[in-house]
S.K.: 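I'd like to ask you about the structure that follows.
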Amino acid sequence: MEPGLYPVLGPPASGKTTFALGLALEALGEGKRVYWVGLPHQRPYVLRLLGEKGAFLGLEFLSFQALYYRVLAEAGRLGPLLPGAGRVALVGEALRLLYGEPAPGEARLFARAIAELKRFGLSPFALPKEGEVGRLRRVYLAYERLKRKALDYDDVRHLAGKVPLRLFPEPGLVVVDGFREVGPLDLVFLKRLSRKVPVLLALELLPEGLRPWKTLSRRPLRQEVLALANPVEEVRHLLRALKQALAPKDLGGEGLRPEEVLVVAPEARIPGLLLLKEEFGLPLWDGRERSLGETEEGARLLALLNPFPTGRDLLALGFSALGRKALRLGLVGEEALFRLAREEGLLEEWEAFRALRTPGEDPLAWAEEALERLGIREKEPFLDRLRYALRVAPKDPLPWWRSLLLDEALSPGPPGGVEVLPPLRAMGVRAKRAYVLSFLPGAYALGEREDYFLLEELREEGLLARLPKRLRGLDPLFWEALATRGEENFLLYPEAGPGGAYLPLRRGSRPDPLPPSTPLEALPGEGFAPPWPSGGDGLPRLEALRRFLECPFRAYLERFPWREEGPWRRLAREGKALEADPQVGPWLRRHRDHLEGMRFYTPWPRERFLLLLDGVRWEGRVLHLYRLLPQGAAPDLERRWTEWYALGLLLRREDVEAVWLWSWPFLEDPRPYRAKPFRKGDPLPRLKEVREELKRALAGWKKGVFPPRPGSRCFACSFADICRKEAL
């Protein structure tokens, strides 16, 4: 091939990589050197494809950044490099100099905007001076001054297009593959490089003004959409299918190698999927990128820096006695942990923890000692981020240090089994068979949304027209790419979840059940489950019967006094003693007319249940019923039974003329249910509903069995899935 730029255009699964591979092998056969430029996570995949063709010499896989570094190094222009965390820190320093103390999230917002501007070759002077864009302009200018001679990623890209272009050894072919599109600075560099060597550019979307040298069409692939009942059944079906695909043929499997299978899943679902790999005996490999703080060593440091330490943090740092007790009680924060240590006689362990997490006068010396005690060998990456944090917040660097540990993803190592990839890392790689989990619109999206600083209208004016639009509707192309990651593609989705039914991207059919794939699934009969609790003595409260219809097991547990005493019960017990309280006293005096004569938590036994009235006050023949709530709680009379049932009984009495219903959150004003009281003869449709529901609840309560009833209500349950733990 002669020097020049050879654009290859094709949709996903059109064979662009295969076509590029053929040209690369042809060049290697002629003794030429080949540079293959792609995304970093593509390297194992490309080298494996080449290895399957036989032995080869002369091909080097590079990312764009590595290629730019090489160009600058050959030209003698490579300076000190500024990583992503350093960019955020310098932007934070610029914000502090201009506008006062910034938050890490604010600095990231500005850093992302500056990175986009630099990536498209725009200086601060291309921005307007007014409004939030004007703030971005000033921060951008200050960032460039603070950076001095250091080079961030976009400086390297910009310089590579200007310095003398000398590559040693010089390639005979450059292949650029795996990108959906390339930016203008990358394109300028490739055009410049193409004057010396042939450059093959394979893309799904060509930049404006670039004509394709070759156009490829999509190849026919097998696609099967499978609908499962819920997310749990979906995951277990996937794992059974993987077990069958990897099992040897003589055992009834398909005999696929791990590298021939690929799983794509939403990032939030990957941890749950990996938890089951031991049960199913599958070699699943986590393909997510992790930040420095998400490594094993980084997690220990984050536990040390947590501003609200937990029992889990104490356990991670080796303070096991106090950590276990705090974890069991669910305590969070230094004050709660200190009180626990004092009550349990563990003050020595608490003081050791406090001494470890309290920096001295020299934060760097303290940090180095803390890293040593935490068993972190490679200290320099962590200390580098502390130095950046000290530039932004010299007086209180720890929150910034914690935040910078979560910046800049670390690429995982080479795959060690079946790759489980988040959607963006699945781009550019393919397999013989691919499974896509949760193939739903909400699960897979590019997150296109208007930019905070530069709205879509601004991106049409002057120099800013170089910037791409943020709302381009590329999700369908993204879904097509995900659905074609393999020669055979199985797209799974759950029909419904805790929030209700899901709308799939494509309608599928129910798959045939697969054979058991774990020892637990293959065990004969049913496993042991302890019996559910039965009813006890005494009359149930009316609200317990209401909750019984929602979840019998929760209603059973709530009969035991496990909660802390509420403020209204304390008021009922202590009475006037609370008038000396600076917060409660003025409130009591303001509402004396409501509180005088009130009877708190009055029991009213009936034949088969107990009415417990929160607050009752008489004014002659007028009765006031109060629903007493915690501070800040919303009124809940519409869903309760007690007040409505009591209202129906009271309006039958001759000594009652009218009844007011009130909702009263603690330290707030009482709110009447309606502007007038209830009188004899008033319609009470809610009471009719309560009586019908009560009949069903009493019939169930009489049986005396309290099994759990899972549903969306479980998200608000305060018993932390204890019903599932009891059933194991």
S.K.: Would you please classify the geometry between the Phe353 ring and the Phe319 ring as parallel, tilted or perpendicular, with 30° and 60° separating the classes?
M.R.: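 Perpendicular, since the angle between the ring planes exceeds 60°.
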
S.K.: Quick one about Arg430 and Thr17 (side-chain donor to acceptor, distance below 3.5 Å, no hydrogens or angles considered), yes or no?
M.R.: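 No - no donor-acceptor pair under 3.5 Å links their side chains.
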
S.K.: Taking C-beta and beyond as the side chain, do Pro102 and Trp400 meet within less than 4.5 Å on heavy atoms?
M.R.: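 Yes, close enough: below the 4.5 Å cut-off.
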
S.K.: With a 4.5 Å limit on heavy-atom distance, are the side chains of Leu327 and Leu314 in contact?
M.R.: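 No, their side chains stay 4.5 Å or more apart.
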
S.K.: Tell me whether Thr295 contacts the main-chain N or O of Leu292 through its side chain, where contact means a donor paired with an acceptor under 3.5 Å.
M.R.: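 Answer holds: yes.
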
S.K.: Taking the side chain as C-beta and beyond, is there a heavy-atom pair between Leu201 and Leu187 under 4.5 Å?
M.R.: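 Counting from C-beta outward, Leu201 and Leu187 do come under 4.5 Å.
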
S.K.: Under a 3.5 Å threshold, yes or no: a donor from one side chain and an acceptor from the other, between Asp186 and Tyr68?
M.R.: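 Yes, a side-chain donor-acceptor pair sits under 3.5 Å.
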
S.K.: Within a radius of less than 6.0 Å around CG of Leu275, do more than 12 heavy atoms belonging to other residues, nucleotides or ligands occur?
M.R.: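 Enclosed: over 12 neighbouring heavy atoms sit under 6.0 Å from CG of Leu275.
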
S.K.: With a 6.0 Å cut-off (strictly less than), is the heavy-atom count around CZ of Phe308, excluding the residue itself, greater than 12?
M.R.: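 No - once you tally the heavy atoms of other residues, nucleotides and ligands closer than 6.0 Å, there are 12 at most.
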
S.K.: Short question: side chain of Arg180, backbone of Glu204 - any donor-acceptor pair under 3.5 Å?
M.R.: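 Here the side-chain-to-backbone pair does not exist.
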
S.K.: Counting only N and O atoms by type, is there a donor-acceptor contact under 3.5 Å from the side chain of Glu234 to the main-chain atoms of Ser438?
M.R.: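 Side chain of Glu234 to backbone of Ser438, a donor-acceptor pair under 3.5 Å: yes, one is there.
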
S.K.: Identify the two heavy atoms, one from Val71 and one from Ala160, that lie closest to each other, and give their separation to 0.1 Å.
M.R.: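 Scanning both residues completely, I find the closest heavy atoms to be CG1-O, 4.2 Å.
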
S.K.: How many angstroms lie between atom CG of Leu50 and atom CG of Leu28, to the nearest 0.5 angstrom?
M.R.: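 The CG atom of Leu28 is 7.0 Å from CG of Leu50, to the nearest 0.5 Å.
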
S.K.: Backbone N or O of Ala341 within a donor-acceptor pair of the Glu349 side chain at under 3.5 Å?
M.R.: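 No.
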
S.K.: Check the orientation of Trp401 and Trp366. Use parallel for under 30°, tilted for 30 to 60°, and perpendicular for over 60°.
M.R.: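 Aromatic pair Trp401/Trp366 classed perpendicular.
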
S.K.: Scan side-chain atoms only and decide if Tyr452 and Glu132 contain a donor-acceptor pair under the 3.5 Å cut-off.
M.R.: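 A pair is found: one side chain offers a donor N or O, the other an acceptor, under 3.5 Å apart.
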
S.K.: Of all residues at least two apart in sequence or in a different chain, which pass the salt bridge (Lys or Arg N to Asp or Glu O under 4.0 Å) check with Glu289?
M.R.: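 Arg425.
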
S.K.: Rounded to the nearest 0.5 Å, how far does OH of Tyr435 lie from CG of Leu238?
M.R.: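 These two atoms lie 7.5 Å from each other.
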
S.K.: So, Arg108 and Asp407, do they make that salt bridge, N to O below 4.0 Å?
M.R.: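 A salt bridge is present here (some side-chain N lies under 4.0 Å from a carboxylate O).
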
S.K.: Below 4.5 Å, heavy atoms only, C-beta onward: do Leu167 and Arg33 meet side chain to side chain?
M.R.: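 Leu167 does not reach Arg33 side chain to side chain.
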
S.K.: Decide salt bridge (Lys or Arg N to Asp or Glu O under 4.0 Å) for Arg354 and Glu351; before the verdict, give the C-alpha distance in whole Å, the side-chain angles of both, and the deciding distance to 0.1 Å.
M.R.: CA-CA 5 Å; Arg354 284 283 298 149; Glu351 292 299 335; over 6 Å; no

S.K.: Verify, without hydrogens or angle tests, whether Lys243 (side chain) and Phe280 (backbone) share a donor-acceptor contact under 3.5 angstrom.
M.R.: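 Checking the backbone N and O of Phe280 against the side chain of Lys243, a donor-acceptor pair under 3.5 Å is found.
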
S.K.: Could you tell me whether the side chain of Val46 reaches within less than 4.5 Å of the side chain of Asp177, counting heavy atoms only?
M.R.: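 No; the side chains remain at least 4.5 Å from each other.
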
S.K.: Using the ring centroid of each side chain, check whether Phe64 and Phe189 are separated by less than 6.0 Å.
M.R.: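 Not under 6.0 Å, so no.
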
S.K.: How far apart are the closest heavy atoms of Pro184 and Phe120, and which atoms are they?
M.R.: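 Looks like CD-CD2, 3.1 Å.
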
S.K.: Main chain of Asp152, side chain of Asp155: is a donor-acceptor contact present, judged purely on distance under 3.5 Å?
M.R.: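 Looks like yes, one N/O pair under 3.5 Å.
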
S.K.: Output the distance between atom CG (Leu78) and atom CG (Leu151), rounded to the nearest 0.5 Å.
M.R.: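 CG of Leu151 is found 7.0 Å from CG of Leu78.
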
S.K.: Does Arg339 CZ have over 12 foreign heavy atoms under 6.0 Å away?
M.R.: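 Not buried by this count: 12 neighbours or fewer within 6.0 Å.
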
S.K.: For Tyr140, enumerate each residue passing the side chain to side chain donor-acceptor pair (under 3.5 Å) test, keeping only those at least two apart in sequence or located in another chain.
M.R.: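 In terms of side chain to side chain donor-acceptor pair (under 3.5 Å), with neighbours along the sequence ignored, Tyr140 is linked to no residue.
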
S.K.: Would you check if the side chain of Asp313 reaches a backbone N or O of Leu304 as a donor-acceptor pair within less than 3.5 Å?
M.R.: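 Here the side-chain-to-backbone pair does not exist.
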
S.K.: Is any NZ, NE, NH1 or NH2 atom of the basic residue among Arg357 and Glu334 found under 4.0 Å from an Asp or Glu carboxylate oxygen of the other?
M.R.: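 Judged by the 4.0 Å cut-off on N to carboxylate O distance, Arg357 and Glu334 do form a salt bridge.
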
S.K.: Can you check whether Arg157 reaches Arg119 side chain to side chain, under 4.5 Å on heavy atoms?
M.R.: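 Counting from C-beta outward, Arg157 and Arg119 do come under 4.5 Å.
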
S.K.: One thing to verify: whether Glu116 and Arg470 come together as a salt bridge, which I'm taking to mean a side-chain N less than 4.0 angstrom from a carboxylate O.
M.R.: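 So Arg470 pairs with Glu116 through a salt bridge.
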
S.K.: For the CZ atom of Arg300 and the CD atom of Glu296, what is their distance to the nearest 0.5 Å?
M.R.: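 Answer rounded to 0.5 Å: 5.5 Å.
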
S.K.: How would you list, by chain and number, every residue that makes a salt bridge (Lys or Arg N to Asp or Glu O under 4.0 Å) with Glu344, sequence neighbours excluded?
M.R.: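 Per chain and number, Glu344 pairs via salt bridge (Lys or Arg N to Asp or Glu O under 4.0 Å) with Lys325.
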
S.K.: Return the minimal non-hydrogen interatomic distance between Ser63 and Val37, and the atom names on each side.
M.R.: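 In this case the closest contact between Ser63 and Val37 is C-CG1, 4.1 Å.
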
S.K.: Distance check, rounded to the nearest 0.5 Å: Leu284 atom CG versus Glu278 atom CD?
M.R.: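 Rounded to the nearest 0.5 Å, the CG-CD separation comes out at 9.5 Å.
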
S.K.: Applying side chain to side chain contact (heavy atoms under 4.5 Å, CB included), can you list everything that pairs with Pro397, at least two apart in sequence or on another chain?
M.R.: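 By the side chain to side chain contact (heavy atoms under 4.5 Å, CB included) rule, Pro397 matches Leu386, Ala389, Leu390.
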
S.K.: Roughly how far apart are Glu60 CD and Leu47 CG, rounded to 0.5 Å?
M.R.: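 Atom-to-atom, Glu60:CD and Leu47:CG are 10.5 Å apart.
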
S.K.: Locate the shortest heavy-atom distance separating Leu421 from Ile270; write the atom from each residue and the value.
M.R.: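 Looking at all heavy atoms of both residues, the closest pair is C-CD1, 3.9 Å.
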
S.K.: Aromatic ring centroids of Tyr143 and Phe110 under 6.0 Å?
M.R.: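 Not under 6.0 Å, so no.
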
S.K.: Under a 3.5 Å distance rule, please check whether Glu279 uses its side chain to pair with a backbone N or O of Leu276 as donor and acceptor.
M.R.: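 No, the answer is negative, given that no donor and acceptor are paired below the 3.5 Å cut-off.
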
S.K.: Kindly give the heavy-atom pair with the smallest separation between Ala20 and Val175, and that separation in Å.
M.R.: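 Heavy-atom minimum between the residues: CB-CG1, 3.7 Å.
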
S.K.: For the residue pair Phe338 and Trp350, does the interplanar ring angle fall in the parallel (under 30°), tilted (30 to 60°) or perpendicular (over 60°) class?
M.R.: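 Tilted: the ring planes of Phe338 and Trp350 meet at 30° to 60°.
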
S.K.: Could you list the residues that satisfy side chain to side chain contact (heavy atoms under 4.5 Å, CB included) with Ala431, not counting sequence neighbours?
M.R.: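 Counting only residues at least two positions away or on another chain, Ala431 forms a side chain to side chain contact (heavy atoms under 4.5 Å, CB included) with Leu262.
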
S.K.: Can you confirm whether more than 12 heavy atoms, excluding those of Glu348, are under 6.0 Å from its CD atom?
M.R.: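 It does not: Glu348 CD has 12 such atoms or fewer within range.
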
S.K.: Quick one: does Val418's side chain get under 4.5 Å of Leu282's, heavy atoms only?
M.R.: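 Not touching, per the 4.5 Å side-chain cut-off.
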
S.K.: Counting heavy atoms not belonging to Glu52, are there more than 12 under 6.0 Å from its CD?
M.R.: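 Enclosed: over 12 neighbouring heavy atoms sit under 6.0 Å from CD of Glu52.
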
S.K.: List for me each residue that meets side chain to side chain donor-acceptor pair (under 3.5 Å) alongside Arg288, sequence neighbours excluded, and say none if there are none.
M.R.: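 For Arg288 the side chain to side chain donor-acceptor pair (under 3.5 Å) partners, ignoring immediate neighbours, are Asp286.
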
S.K.: May I have the step-by-step check of salt bridge (Lys or Arg N to Asp or Glu O under 4.0 Å) for Lys395 and Glu101, ending in yes or no?
M.R.: CA-CA 11 Å; Lys395 294 182 180 178; Glu101 296 298 329; over 6 Å; no

S.K.: With a 4.0 Å cut-off, would you call Arg387 and Glu380 a salt bridge?
M.R.: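 Salt bridge flag = yes for Glu380 with Arg387.
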
S.K.: The test is salt bridge (Lys or Arg N to Asp or Glu O under 4.0 Å); show your working for Arg485 and Glu419 and say whether it passes.
M.R.: CA-CA 12 Å; Arg485 291 301 88 202; Glu419 295 183 77; over 6 Å; no

S.K.: For Glu378, look at atom CD and say whether over 12 heavy atoms of other residues, nucleotides or ligands are found less than 6.0 Å away.
M.R.: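 Not more than 12 within 6.0 Å, no.
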
S.K.: Identify the two heavy atoms, one from Leu406 and one from Gly293, that lie closest to each other, and give their separation to 0.1 Å.
M.R.: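 Minimum heavy-atom separation between Leu406 and Gly293: CD2-CA, 4.3 Å.
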
S.K.: Check whether His41 reaches the backbone of Pro412 with its side chain - one donor and one acceptor, N or O, closer than 3.5 Å.
M.R.: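 No; zero donor-acceptor contacts below 3.5 Å.
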
S.K.: Any side-chain heavy-atom pair from Leu81 and Val156 closer than 4.5 angstrom?
M.R.: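 The answer is yes, as the side chains (C-beta and beyond) meet within the 4.5 Å cut-off.
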
S.K.: Cut-off 3.5 Å, side chains only: do Tyr99 and Arg138 have a donor facing an acceptor?
M.R.: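 Yes, Arg138 and Tyr99 have a side-chain donor paired with an acceptor closer than 3.5 Å.
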
S.K.: Before accepting this row, confirm whether a basic side-chain N of the pair Arg166/Glu74 lies closer than 4.0 Å to the acidic partner's carboxylate O.
M.R.: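 Result for this pair is no, no salt bridge flagged.
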
